[in-house]
Amino acid sequence: MRDTIPCPQIGDHAVVLGASMAGLLAARVLADAYGQVTVIDRDQLPEASTHRRGVPHGRHAHALLARGQQALEELFPGLTAELIAQGVPTGDLLANGRWYVSGHRLRQAPIGLVSLSASRPLLEGYVRARVRTLPNVAFLDSCDIIGLVATPDGRRITGARVLGRADGGAEERLGADLVVDATGRGSRTPIWLEALGYERPDEEQVRVGLGYATRTYRLPPDALDGDLAVLDATTPEHPRGGALLLLEGDRWMVTLAGMLGDHPPTDPDGFLAFARTLRFPDIYQTVRDAEPLDDPVGFRFPASVRHRYERLDRFPDGLVVMGDAVCSFNPIYGQGMSVAALEALTLRRHLQRGAEPQPRRFFGDLTRVVDVPWDIAVGGDLAVPGVQGRRTLKVRLVNAYIARLHAAAAHDASLASAFVRVAGLVAPPQTLLRPNVALRVLRASRHPATGTATSSNRDAERAAQTWRTKGT
């Protein structure tokens with residue numbers, strides 16, 4: 001078990017802004033180092049695993065990547081077994097999942113990575129329930145977060161200002177030794193920093209114009225012949241995609257996605273018609289005659305956004321930022337919850353040093369958590385011609401190499417495993433450039449009739465060389 005070093009008590013009170021997954025996981029590790037932890041959220045937090053207003057994307061398909069599952073198990077020992085006991089389907093990430101990427105179906109084979117097919121409400125509800133059992137954690141819900149409290153010189157954050165949403169609620173100031181902003185994409189920390197005389201962090205955006213539509217169905221448990229999921233990923237030529245997942249309660253969830261404004265309809269007939277246009281027929285053929293359990297519901301995601309806190313020269317003590325408030329990823333890559341879990345482990349390591357996290361050092365370490373999933377998501381998005389952004393030589397060549405790897409992985413289980421391990425954040429991207437991997441890709445790219453390198457193969461060779469030289 002990793003990160004089992006005990007945390008000495010650092011302070012009396014920590015305040016977490018936001019009961020998102022990032023906020024809940026932050027509270028989990030803060031509870032080991034502070035006498036009291038208070039989690040504040042504007043929603044009335046349910047006791048059960050139900051949808052809530054503050055998580056509008058919670059009605060859609062969510063992925064817990066392999067490394068995310070491992071990280072949650074580190075934070076909550078026994079999590080996987082308890083979720084399975086609650087009826088969450090589980091299997092092998094590659095052996096029990098149909099991965100369609102770059103227009104190819106990856107060869108299925110067991111790789112020893114766990115796939116937990118839980119809905120977002122169930123997973124978040126489980127984590128929230130585990131955090132509630134911690135004796136020094138309290139929840140303050142149905143509260144608006146108005147702002148921060150700072151020392152007169154603004155050099156230190158000393159608490160947060162909140163306002164109860166009930167009639168006649170009065171503003172309250174909560175003192176804190178440490179405040180963690182986990183309020184998500186709507187974080188106001190850049191505005192609060194500016195009001196205190198600091199610079200806002202640089203913001204990077206990649207506008208993807210993503211739209212979701214989701215519907216759940218009743219199907220036989222063996223509807224996919226033992227598989228738990230289908231992922232039909234968007235491609236540059238066909239920027240429509242979808243996912244079909246078996247969830248707890250013997251429900252099957254279909255989430256359809258379209259980029260650059262080509263959004264799936266939310267009327268039943270239009271939803272099914274959109275499913276029929278996907279590049280591969282698995283999803284449509286599975287649900288076309290199935291019993292729907294609800295009407296389709298939509299969701300819009302305009303852009304991936306990253307705030308570069310690590311580049312600021314000045315930042316007040318007593319405040320850190322985590323989760324989507326730092327970086328909000330295109331959700332089609334399923335990275336958000338897993339990155340939040342890895343950020344929580346990063347916070348734990350800082351707390352284990354026996355002192356309050358120093359913001360600049362913490363943000364520097366957070367960058368190393370965010371860089372790889374950000375590069376994966378942005379690189380994938382920039383493969384779509386209509387997405388605006390700077391396509392460096394590295395981005396173009398790596399995308400060319402990955403497309404050839406996917407083609408080869410349709411017949412080569414070892415390549416499929418290597419890719420899924422990287423996509424699951426278990427292995428670094430550099431592993432896809434190991435000589436034995438690159439050689440398999442390049443061999444598969446050769447023209448079958450002549451045995452000579454095609455132009456695509458030459459692109460793959462250049463990609464491999466560029467990636468090795470520049471790194472990821």
Side-chain angles (χ1 to χ4, degrees), residues 61-72 90-117 206 208 210 227-236 241-245 255 257 280 304 327 329-342 368-384 395 398-410 412-434 437-438 440-441 463-464 467 471-472:
H62 274 69
L64 182 63
L65 302 183
R67 182 65 187 104
Q69 179 268 331
Q70 295 168 358
L72 286 183
T90 186
D92 186 277
L93 193 58
L94 183 57
N96 301 117
R98 302 179 190 178
W99 292 65
Y100 291 100
V101 287
S102 299
H104 303 277
R105 178 175 173 174
L106 300 187
R107 187 177 181 87
Q108 292 177 243
I111 58 174
L113 295 179
V114 175
S115 171
L116 277 174
S117 193
V206 179
V208 294
L210 179 71
D227 290 335
L228 301 178
V230 176
L231 171 65
D232 190 340
T234 61
T235 67
L244 171 62
L245 307 172
T255 291
F280 295 94
S304 301
C327 187
F329 303 90
N330 182 339
I332 66 174
Y333 299 97
Q335 300 165 321
M337 295 191 297
S338 298
V339 172
L342 295 176
R368 286 182 274 279
V369 173
V370 171
D371 276 347
V372 167
W374 177 257
D375 286 348
I376 289 173
V378 170
D381 290 338
L382 290 177
V384 179
V395 168
V398 167
N399 280 340
Y401 178 79
I402 293 298
R404 305 309 290 181
L405 185 147
H406 289 159
D412 189 328
S414 68
L415 292 180
S417 172
F419 170 75
V420 170
R421 293 180 67 82
V422 170
L425 304 182
V426 173
Q430 297 95 317
T431 59
L432 299 182
L433 276 303
R434 287 175 176 167
V437 174
R440 288 174 176 267
V441 174
W467 210 357
T472 57

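Being a predicted model, the structure only gives us computed values, none of them experimental. The analysis underlying the following values was restricted to heavy atoms, covering all of them including side chains, and did not include hydrogens, waters or symmetry mates.
Between the NE2 atom of H62 and the CG atom of L116 there is a distance of 14.5 Å, given to the nearest 0.5 Å. Distance check, rounded to the nearest 0.5 Å: CG of D381 to CG of N399 gives 10.0 Å. Going from atom CZ of R404 over to atom NE2 of H104 covers 7.0 Å, rounded to the nearest 0.5 Å. The CG atom of L93 lies 5.5 Å from the OG atom of S115; values are rounded to the nearest 0.5 Å. The CG atom of L432 sits 9.0 Å away from atom CG of L415, with the distance rounded to the nearest 0.5 Å. Put simply, CZ on F419 and OG on S414 are 14.0 Å apart, with the number rounded to the nearest 0.5 Å.
With N96 contributing its side chain and L228 its backbone, the two residues share no donor-acceptor pair below 3.5 Å. At distances below 3.5 Å, not a single donor-acceptor pair connects side-chain atoms of T255 with backbone N or O atoms of A243. In this structure a side-chain-to-backbone donor-acceptor pair under 3.5 Å is present from D92 to G112. A donor-acceptor pair under 3.5 Å links the side-chain atoms of S338 to the main chain of L65, judged by distance alone.
Judged purely by distance below 3.5 Å, without hydrogens or angles, the side chains of Q108 and D227 pair a donor atom with an acceptor atom.
Relative ring orientation between Y100 and F280 is described as parallel, the plane-to-plane angle staying below 30° on a 0-90° scale split at 30° and 60°.
For the residue pair L113 and A66, the shortest heavy atom distance occurs at CD1-CB, 3.9 Å. The two residues A438 and Y401 have their closest heavy-atom pair at CA-OH, 3.3 Å.
The one candidate from I402, L433, L405, D412 that meets the side-chain contact (heavy atoms from CB on, under 4.5 Å) condition with V441 is L405.
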